[in-house]
2 protein chains.
Amino acid sequence: MADLAAHVGVSRQLVSLVLRDAPGASAETRRRVRAAAKELGFSPHVGARSLRRARSKDLGVVFAPAHSTEPEIVEAIYPAASALGYDVMLSAQTSTRSTDEAVDELLGHRCAALVVIGSTVDLRAIARRSHVPVVDVGFGRPNRYYDVVRSSGDLGIEQLVDHLADLGHRGVTYVDPTSMPPGALRRRGYERAVDRRGLTGDLLPVPGDYAAADYFSEAGATAARSLLDRPELPTAVIAPNDDTAVALLHTLIRHGARVPEDLSVAGFDDAPIARTSSVDLTTVRQDPAHLGAAAVRAAVRRVQNPDLHPRETVLDTSLVVRTSTAAPRRPRPRSRTAGQHVESAG
Amino acid sequence: MADLAAHVGVSRQLVSLVLRDAPGASAETRRRVRAAAKELGFSPHVGARSLRRARSKDLGVVFAPAHSTEPEIVEAIYPAASALGYDVMLSAQTSTRSTDEAVDELLGHRCAALVVIGSTVDLRAIARRSHVPVVDVGFGRPNRYYDVVRSSGDLGIEQLVDHLADLGHRGVTYVDPTSMPPGALRRRGYERAVDRRGLTGDLLPVPGDYAAADYFSEAGATAARSLLDRPELPTAVIAPNDDTAVALLHTLIRHGARVPEDLSVAGFDDAPIARTSSVDLTTVRQDPAHLGAAAVRAAVRRVQNPDLHPRETVLDTSLVVRTSTAAPRRPRPRSRTAGQHVESAG
DNA sequence: TTGTAGGCGTTATCAG
DNA sequence: CTGATAACGCCTACAA
């Protein structure tokens, strides 16, 4: 930094002011300093900066890179954090790297707060030893130790059941990958909606190992084979995540069933694969941008006021109707028009 | 750290020794120091550490979280770096965050080297201003400024063509998403193999925008529709990435074609989706673990000896045969039995 | 094993 | 806007 100052012909502290966007430098000086910094390839040493600064402006984010939905949330966190003046520091949780390791690295960097995405472990111990606010994004339950941000999985499934009931379906089958962490909540939504609408329920549990990379897909394929073994196919099937729904859909199609003519299929997440034209899956969207922004807000709120109690933030989901659902083969008189995109504010 | 030392009843520098695994402390002391660190929730300030240390032991990694194959490479980089004594620092490149921004953040952390995954831009400018070794993982071309690690896309496609020829196919159609960065290389492999085996070539170019999130999938769906419009389907189709191949496969199946009975379909990448049982795609694997390890090795090599010239590392691919490819149908009659319907859907 | 001293690059404060 | 000075937490070197 001294080099840079000498090169421009100003003092070091003026360079420091410019580089951290602090007031007290003229526009012309700013320009010259920035130009010189670029020319010399200089960027301030963030280690030294964090050493000296009173409070950190870094948000630590723990995520699983290979997961299908987490990266989208990570991408959304960047602009949200940036808008509040925070930098983002990523730390991956993988098969060879535990949540604790990922958290420790971030703690070493003295992040102001931690956002943990899609964790299946209880973050209580982590929250206690962190000494910084912790936010759980995914499927945590409200507690006194850390903030929880999640979407309303139960209501989302209810939206799906309502959609199918409105189309005229009298029964809806629900594939339940039983070891999926948010599974219980979503299944409750299904049961509630089926009761409320007076539909015939049909629960198809598929056990398995959540840690297996292809558990969701295999669950869909397994469920499809089970349905194909029946004397008659149901008219509508819901799976509580898109990977399972897509595998279900493709396995059914491969065995001669037509979707949506023979049966309707719906998923949950609005993952990228649901949007491709060869799938075009009716699903429930939990907006990654909303989740990311809510997580950042929750973290910053407690950074600014550490005495506040952790909160639960539940985000609305929105039904996304595509061409994998339609009225059943012999539509009832009360069937309505399909194809509407119902959105609810976040 | 002073607190910790006082708590254990030893000197600060002994604590420092223990925390960085340096020799000079007894096993018993190590144990007590670690226990106390855990109890007090203490971890060394990496900023202060990097400020003091002569050389950095951090490897900066730039990647696109939402990409289908990059996260697997990122996961592989962790153990590879760890084995050589390096920490990993992640920086995301997204639609709202340019490669330059991602690189600048890492440079601010004074990483020892930079690994840039799947970049479509020329890294020359970045390599010049970085003052640290840069490694491009993906589809860079050899040059004097930075290392390149890639897999042998051309040979991989040749393996695929050979496999199909060995099965008895006399012609192979090749879907070419023309704006895909490694596309030219792979297409050359196709052309070479078709010539060498004396097959009938059939190039099906699909233009589009690489930046669009669903470009690969849409390319597959488009190609499928184009094939279905022909009077006769080819017996074998290759797409140079799995997303395209899967969309192609599903669109064909949805329109009544049987895979592999009517035609064989193959992809490239061995992405997670290719492995699911509802897809079970024959493909070419470029091992993410190998790519990650090679990238780390290339980076560390030049960190340890900055005078060495950047290199190109080309990794072998391996053919993964699954059930989407088979021998061509012997008779050519288009006799289709019940349950098969060709329809035009959206 | 302990103690002491110095310094890494930055920010903060204060008087000019 | 400049100049001077202290401090952040840690590592290194050296002597005890």
remark   = To the nearest angstrom, the CG-P distance between Leu51(B) and dG6(C) comes to 18 Å
query = When the distance from CZ of Arg110(B) to P of dG9(C) is rounded to whole Å, what number comes out?
reply = 9 Å
request  = Let me know the distance between NE2 of His109(A) and P of dG9(D), rounded to the nearest Å.
outcome  = 17 Å
query = Does Tyr145(B) have Arg128(B) sitting over its ring (NZ/CZ under 6.0 Å from centre, angle to axis within 45°)?
reply = yes
ask   = Are Arg34(A) and Asp21(A) within salt-bridge range, i.e. N to O under 4.0 Å?
value = yes
ask   = Is the closest basic N to carboxylate O distance between Arg141(B) and Glu312(B) below 4.0 Å?
value = no
query = More than 12 non-hydrogen atoms from neighbouring residues, nucleotides or ligands closer than 6.0 Å to NE2 on His45(B), yes or no?
reply = yes
query = Quick one: His45(A) NE2 to dG9(D) P, roughly how many Å, whole number?
reply = 16 Å
inquiry  = Classify Ala25(B) by what it touches in the nucleic acid, base, sugar-phosphate, or nothing, heavy-atom distance under 4.0 Å.
reply    = sugar-phosphate
query = Is Arg97(A) salt-bridged to Glu105(A), cutoff N-O under 4.0 Å?
reply = yes
inquiry  = So Val10(A), base contact, sugar-phosphate only, or nothing? Heavy-atom distance under 4.0 Å.
reply    = sugar-phosphate
query = Does any residue of residues 26-42 of chain A have a heavy atom under 4.0 Å from DNA chain D, and if so, which ones, in number order?
reply = Ser26(A), Thr29(A)
query = Any side-chain heavy-atom pair from Val62(A) and Val115(A) closer than 4.5 angstrom?
reply = no
query = In whole Å, what is the span from the CG atom of Leu14(B) to the C1' atom of dT12(D)?
reply = 15 Å
task = State plainly whether the residues Asp58(B) and Arg110(B) are in salt-bridge range, i.e. N to O under 4.0 Å.
result = no
query = Just by protein heavy atoms under 4.0 Å, how would nucleotides 11-16 of chain C read 5' to 3' in B, S and -?
reply = BS----
inquiry  = A quick test of your reading: do over 12 heavy atoms of other residues, nucleotides or ligands sit less than 6.0 Å from CZ of Arg311(B)?
reply    = no
